[in-house]
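In what follows, a structure is listed as structure tokens, so that the remarks can point back to it.
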Amino acid sequence: MGLFSKRKPLKITEINKLIFCPYRNKEQILAVLEQAFDMESGGSGDQITLTNGDMFIAFTAASMDDENQSFARDQIEGAWNYFRQVETEHTEIRRNLLHHLRMCRGVVSIHAGYEGPYNPEKEEDILSQIYHGACALDGILTKGMDVLCDCKGNPIFDKHGNSNLSFYMPPRYPLPDEWKETAPPDELSRRERSMDALEEKHIYAPFFLPLLGANENTEGRSLEEIFKRAAALLAVSTYSEGRLGEKLTHEEATAFIKPIIEFFHAEDSFSPNEQEYLNNPHNTQEDQIQFVWQYEALWVMEWALGFHDELFWPDHICDASRTVKVIKNSLLSDAKMRDRKEILDMADLYYLLHWACVDARVAGIPAPLGMEEGVVMERRKALFWLSGCDDLCPWDDVDLST
């Protein structure tokens with residue numbers, strides 16, 4: 001008789017999942033997990049294991065910034081590309097899920113289980129610990145590889161484009177500590193208000209976008225300066241509309257806007273780019289389209305002068321005929337300048353909205369809540385110029401980078 005008697009092998013019920021998380025290296029990931037589970041440091045490995053009787057959970061960490069980065073990169077980028085291509089009516093949920101995935105640099109492989117056949121109580125105990133770890137990591141969980149869940153196990157989005165959530169938002173991180181030490185308090189509070197406004201609409205923007213660098217107590221544009229800029233925008237936009245829509249010649253369009261220029265004494269109000277455009281009889285249709293967009297900037301000028309109560313949500317272009325009528329029927333004495341603080345708040349908000357539009361375009365997905373990027377960009381330019389956050393720079397030099 002041999003030393004070992006014949007015995008059936010133990011049956012193990014297994015649970016396998018992945019957590020995608022924003023932490024940049026495996027040491028950070030393991031440190032967060034150890035703190036979450038009140039464990040002493042396990043050293044410099046890449047795994048920690050929890051046990052309770054015949055139950056076990058093994059967390060194995062990997063990161064896109066570690067030496068062996070291919071696993072984490074392949075998993076995160078694979079999930080992003082896979083779910084980006086899924087057709088769905090839940091476009092806002094998918095967009096914010098993709099933002100969360102793009103924040104992620106680390107992957108935690110989870111291998112868990114217990115002895116014996118399926119046991120719902122043991123499964124629930126194990127999953128509750130997995131969810132606890134995922135929440136500590138601000139992570140996204142896989143359910144199979146066809147469904148992504150939040151850190152509480154609620155399905156966010158599946159391969160068929162389905163979601164049971166009314167909305168989904170990535171985690172919002174606080175402004176960096178060094179900003180609190182160096183940035184003026186009004187700039188910090190302004191960014192917090194902008195983030196609150198976006199969160200209310202379930203639109204994501206990253207916390208790390210630079211602050212405007214403009215203090216609400218410093219001087220902005222004068223009322224007369226804004227009115228002259230509005231007159232120039234009116235003339236350029238009307239000229240462009242005449243060339244595009246009415247098929248006017250250069251001479252005809254120039255003659256059409258001459259009374260506007262004379263009425264507002266706008267001869268010296270044009271930027272160098274605008275003046276060059278108006279003087280060129282051979283400008284292209286692309287040029288004309290670019291400058292006709294300035295109706296959107298004109299709407300903002302009218303808002304700043306108190307001729308509009310609000311800036312409507314930028315999912316459609318302004319009513320050009322109404323915009324023209326407002327400024328043509330207004331005098332400088334009718335204007336009531338908005339508070340500089342309100343203009344700066346709006347400038348910061350549109351900076352973040354512009355980032356969201358550009359980011360969506362680069363990713364090949366629709367902009368949030370139907371926003372029209374051209375409207376957002378023109379409004380941002382006008383608001384940056386109005387607020388003087390580019391050191392009161394000329395109109396042509398307003399920085400529109402995101």
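- Atom CD1 in I327 sits 6.0 Å away from atom CG in L305 (nearest 0.5 Å).
- The aromatic rings of F264 and F227 are tilted relative to each other, their planes meeting at an angle between 30° and 60°.
- Taking the centre and axis of the six-membered ring of W313, the NZ or CZ atom of K201 falls inside the cone set by 45° and 6.0 Å.
- Pairing of C104 with C21 by a disulfide is not supported, the SG atoms lying 2.5 Å or further apart.
- The pair K122-D54 counts as a salt bridge, with a side-chain nitrogen and a carboxylate oxygen less than 4.0 angstrom apart.
- The pair R102-D359 counts as a salt bridge, with a side-chain nitrogen and a carboxylate oxygen less than 4.0 angstrom apart.
- Side-chain N/O atoms of S271 and D396 include a donor and acceptor closer than 3.5 Å.
- Looking at D348 and R190, no side-chain N of the basic residue comes within less than 4.0 Å of a carboxylate O on the acidic one, giving no salt bridge.
- Between S321 and D319, the side chains place a donor N or O and an acceptor N or O closer than 3.5 Å (distance only, hydrogens not considered).
- In summary, E267 and K258 do not engage in a salt bridge, as defined by a charged side-chain N under 4.0 Å from a carboxylate O.
- Taking the six-membered ring where tryptophan is involved, the planes of H202 and F167 are essentially parallel, since the angle between them stays under 30° and well short of 60°.
- The aromatic rings of W299 and H308 lie parallel to each other, their planes meeting at an angle below 30°, with 60° marking the opposite boundary.
- A donor atom on one side chain and an acceptor atom on the other are not found under 3.5 Å apart for Q288 and E241.
- Using a cutoff of 4.0 Å between basic side-chain nitrogens and carboxylate oxygens, E92 and R95 are scored as salt-bridged.
- Using a 30° and 60° split on the angle between ring planes, H99 and Y204 fall in the tilted class, from 30° to 60°.
- The pair D66-K26 does not meet the salt-bridge criterion, since no charged nitrogen lies less than 4.0 angstrom from a carboxylate oxygen.
- Donor-acceptor pairing under 3.5 Å is lacking for the side chains of Y114 and D125.
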